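For reference, the structure discussed in these notes is given below.
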Amino acid sequence: MALAQKSQQVMGNEDQEIQQGYLRTLMLVERLHRQLLDVVKDELDRMRRDDINSVQALLLFNIGDAELTAGELRTRGHYLGSNVSYNLKKLVDGGYLSHERSSKDKRAVRVRLTEEGSKVCAMVAELFDRQLKSLGPVANLGSGELDQLNGALMRLERFWTDHIRYRL
């Protein structure tokens, strides 16, 4: 009997550790996304680009050389937000994106970068390249650690996808 109680106590502590780790991961994922937006905003400020926000700049970066619809942007995970249509409209109005109705599905609008959108895309790419050069020396992160981190995050993403798909 004493062994069974001790086993339950140990399992209880392990469950608490997992709970604390999971909640910390949730907080960090959310905080990291906000900080990424702040980093991009800081770069936009340095370049005196006040006509576009960080979400829109990341959207341009994620479109890159592709030609996509709003639905494809969401499906591919390039956009984290519910206002993708609003931001696409703002980017079209600002001259960063061109748009064209799909010949196959008249409801779908395909977007691609204009020359001005390509400039912002290149600016974000240069920011990430600069960060990449200092990632090891400053953040003490190497490819092995990034591979491990990315693997864990992909497994967490798969877990959340399954949670929604199979209503776990």
Side-chain angles (χ1 to χ4, degrees), residues 17-100 109-164:
E17 287 178 23
I18 290 173
Q19 179 188 30
Q20 289 172 352
Y22 182 63
L23 294 176
R24 181 165 171 75
T25 299
L26 296 177
M27 179 195 63
L28 284 170
V29 166
E30 183 180 2
R31 188 180 339 157
L32 286 170
H33 177 65
R34 277 182 299 194
Q35 284 184 313
L36 172 61
L37 293 175
D38 288 346
V39 165
V40 173
K41 167 94 172 78
D42 181 63
E43 187 70 8
L44 290 167
D45 291 347
R46 289 176 195 218
M47 298 295 182
R48 303 195 191 304
R49 303 287 314 232
D50 60 357
D51 55 336
I52 189 170
N53 66 39
S54 56
V55 171
Q56 293 164 344
L58 279 174
L59 190 53
L60 293 173
F61 175 77
N62 287 320
I63 292 171
D65 293 333
E67 185 176 302
L68 303 167
T69 65
E72 289 170 331
L73 283 167
R74 279 191 295 265
T75 302
R76 293 178 185 193
H78 289 313
Y79 186 74
L80 303 174
S82 58
N83 293 326
V84 67
S85 296
Y86 168 81
N87 282 308
L88 289 176
K89 181 180 179 341
K90 289 298 235 179
L91 290 168
V92 168
D93 292 348
Y96 296 98
L97 290 175
S98 64
H99 68 293
E100 184 179 306
V109 176
R110 301 194 73 71
V111 296
R112 69 179 161 279
L113 301 184
T114 62
E115 187 176 327
E116 197 60 30
S118 293
K119 288 178 186 176
V120 173
C121 179
M123 182 200 70
V124 174
E126 288 170 18
L127 165 67
F128 292 161
D129 285 344
R130 277 196 329 269
Q131 289 183 330
L132 185 59
K133 290 175 184 161
S134 64
L135 198 57
V138 176
N140 199 25
L141 285 172
S143 64
E145 291 166 308
L146 289 173
D147 287 345
Q148 189 175 16
L149 174 64
N150 289 334
L153 289 172
M154 287 174 14
R155 289 190 304 276
L156 184 58
E157 178 186 32
R158 196 173 320 121
F159 170 75
W160 285 343
T161 300
D162 289 350
H163 182 86
I164 294 165

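Here the structure is a predicted model, which is why all the values come from computation and not from measurement.
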For residues 126-154, which residue pairs pass the ring-ring contact (aromatic ring centres under 6.0 Å, His included) check, not counting sequence neighbours? Phe61-Phe128
Partner residues of Arg24 under the salt bridge (Lys or Arg N to Asp or Glu O under 4.0 Å) criterion, sequence neighbours left out: none
Can you sort out the partners of Ile164 under side-chain contact (heavy atoms from CB on, under 4.5 Å), two or more places apart, ordered by chain and number? none
Report the distance from atom NZ of Lys41 to atom CD1 of Ile52, rounding to the nearest 0.5 Å. 11.5 Å
Rounded to the nearest 0.5 Å, the CG atom of Leu91 sits from the OG atom of Ser98 at a distance of 11.5 Å
With Arg46, which residues qualify under side-chain hydrogen bond (donor to acceptor under 3.5 Å, both in side chains), at least two apart? Asp42
Leu59 and Asn87: which non-hydrogen atoms are nearest, and at how many Å? CD2-CB, 4.1 Å
Minimum heavy-atom distance Ala57-Leu44, with the two atoms named: CB-CD1, 4.1 Å
Considering residues, nucleotides and ligands other than Asp65, do more than 12 of their heavy atoms fall under 6.0 Å from its CG? no
What pairs with Arg158 under side-chain contact (heavy atoms from CB on, under 4.5 Å), at least two apart in sequence or on another chain? Arg155, Asp162
Pairwise salt bridge (Lys or Arg N to Asp or Glu O under 4.0 Å) hits with a residue in residues 132-145, at least two apart: none
If a pair satisfies salt bridge (Lys or Arg N to Asp or Glu O under 4.0 Å) and one of its residues is in residues 111-120, list it, with sequence neighbours excluded. Arg49-Glu116, Glu67-Arg112, Glu100-Arg112, Glu116-Lys119
Counting only heavy atoms from other residues, nucleotides and ligands, does the tally under 6.0 Å from CE of Met154 exceed 12? no
Check the pair Gln131 / Glu43 against side-chain contact (heavy atoms from CB on, under 4.5 Å), numbers first and verdict last. CA-CA 12 Å; Gln131 289 183 330; Glu43 187 70 8; over 6 Å; no
List for me each residue that meets salt bridge (Lys or Arg N to Asp or Glu O under 4.0 Å) alongside Asp38, sequence neighbours excluded, and say none if there are none. none
Can you name the side-chain contact (heavy atoms from CB on, under 4.5 Å) partners of Leu153, sequence neighbours left out? Val29, Leu149
How long is the span from the CD atom in Gln148 to the CG atom in Leu146, to the nearest 0.5 Å? 10.0 Å
Could you tell me whether a side-chain N or O of Thr114 sits under 3.5 Å from a main-chain N or O of Tyr96, the two making a donor and an acceptor? yes
By the salt bridge (Lys or Arg N to Asp or Glu O under 4.0 Å) test, which pairs, at least two apart or in different chains, include something from residues 84-99? Lys89-Asp93
For the residue pair Leu88 and Val111, what are the closest heavy atoms and their distance? CD2-CG2, 4.3 Å
Closest contact, heavy atoms only, Cys121 versus Leu113: CB-CD1, 3.8 Å
side-chain contact (heavy atoms from CB on, under 4.5 Å) partners of Tyr22, counting only residues at least two apart: Leu26, Leu156, Phe159, Trp160
Please name all residues satisfying side-chain hydrogen bond (donor to acceptor under 3.5 Å, both in side chains) with Asn53, sequence neighbours left out, ordered by chain then number. none
Between CZ on residue Arg31 and CG on residue Leu36, distance to nearest 0.5 Å: 14.5 Å
Rounded distance (nearest 0.5 Å) linking atom CD of Gln56 with atom CG of Leu97: 9.5 Å
